[in-house]
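Heads up: the structure comes next, in structure tokens.
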Amino acid sequence: IVKLIIPSYDYGKQKVQIELSGVLQLDAAEKVRIRHAGGSATGGVATLFVDDKPLGAVGGEHDKELIYEPELARGPHTFR
């Protein structure tokens with residue numbers, strides 16, 4: 001699922017939000033490795049959520065790239 005929200009007026013002064021989401025199905029509990037990279041020349045920040053909880057943010061005043069290794073339970077996990 002890709003959701004793109006762009007205001008319908010004056011693009012130069014408004015914020016743009018792009019939201020990507022998906023589901024990871026695990027057959028057993030395991031540690032997963034996630035590479036998170038992002039940001040922009042204008043200070044944009046990319047926040048990663050797993051199961052609707054923030055895992056971390058990159059860009060802006062944050063690092064430009066991070067590696068996470070969370071332990072996830074068996075079953076579906078939403079990412080956005």
*Over all heavy atoms of both residues, which pair between T47 and F49 is shortest? Give the atoms and the distance, please.*
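For T47 versus F49, the nearest heavy atoms are CG2-CE1, 3.5 Å.
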
*Output the rest of the hydrophobic cluster of V58: all Ile, Leu, Val, Met, Phe, Trp and Tyr residues reachable through side-chain heavy-atom contacts under 4.5 Å, sorted by chain and number.*
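Besides V58, the hydrophobic cluster comprises L24, L26, V32, I34, L48, V50, L55, L66, Y68, L72, F79, listed by chain and residue number.
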
*Considering residues, nucleotides and ligands other than E61, do more than 12 of their heavy atoms fall under 6.0 Å from its CD?*
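Result for CD/E61: open.
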
*Please answer whether the main-chain N or O of A46 pairs with a side-chain N or O of H36 as donor and acceptor at a distance below 3.5 Å.*
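Yes; judged by distance alone, with no hydrogens or angles, the pair exists.
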
*Please confirm whether the backbone N or O of D27 pairs with a side-chain atom of R74, one donor and one acceptor, at under 3.5 Å?*
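Between the backbone of D27 and the side chain of R74 there is a qualifying donor-acceptor contact (under 3.5 Å).
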
*By side chain to side chain donor-acceptor pair (under 3.5 Å) - contacts of D51 (at least two apart)*: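 Per chain and number, D51 pairs via side chain to side chain donor-acceptor pair (under 3.5 Å) with H77.
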
_My understanding is that only residues two or more places apart in sequence, or in another chain, count here; which of them pass side chain to side chain donor-acceptor pair (under 3.5 Å) with E65?_
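Scan of E65 (side chain to side chain donor-acceptor pair (under 3.5 Å), adjacent residues dropped) gives R35.
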
*Hey, are K31 and E71 close enough for a salt bridge, meaning a charged N less than 4.0 Å from a carboxylate O?*
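No.
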
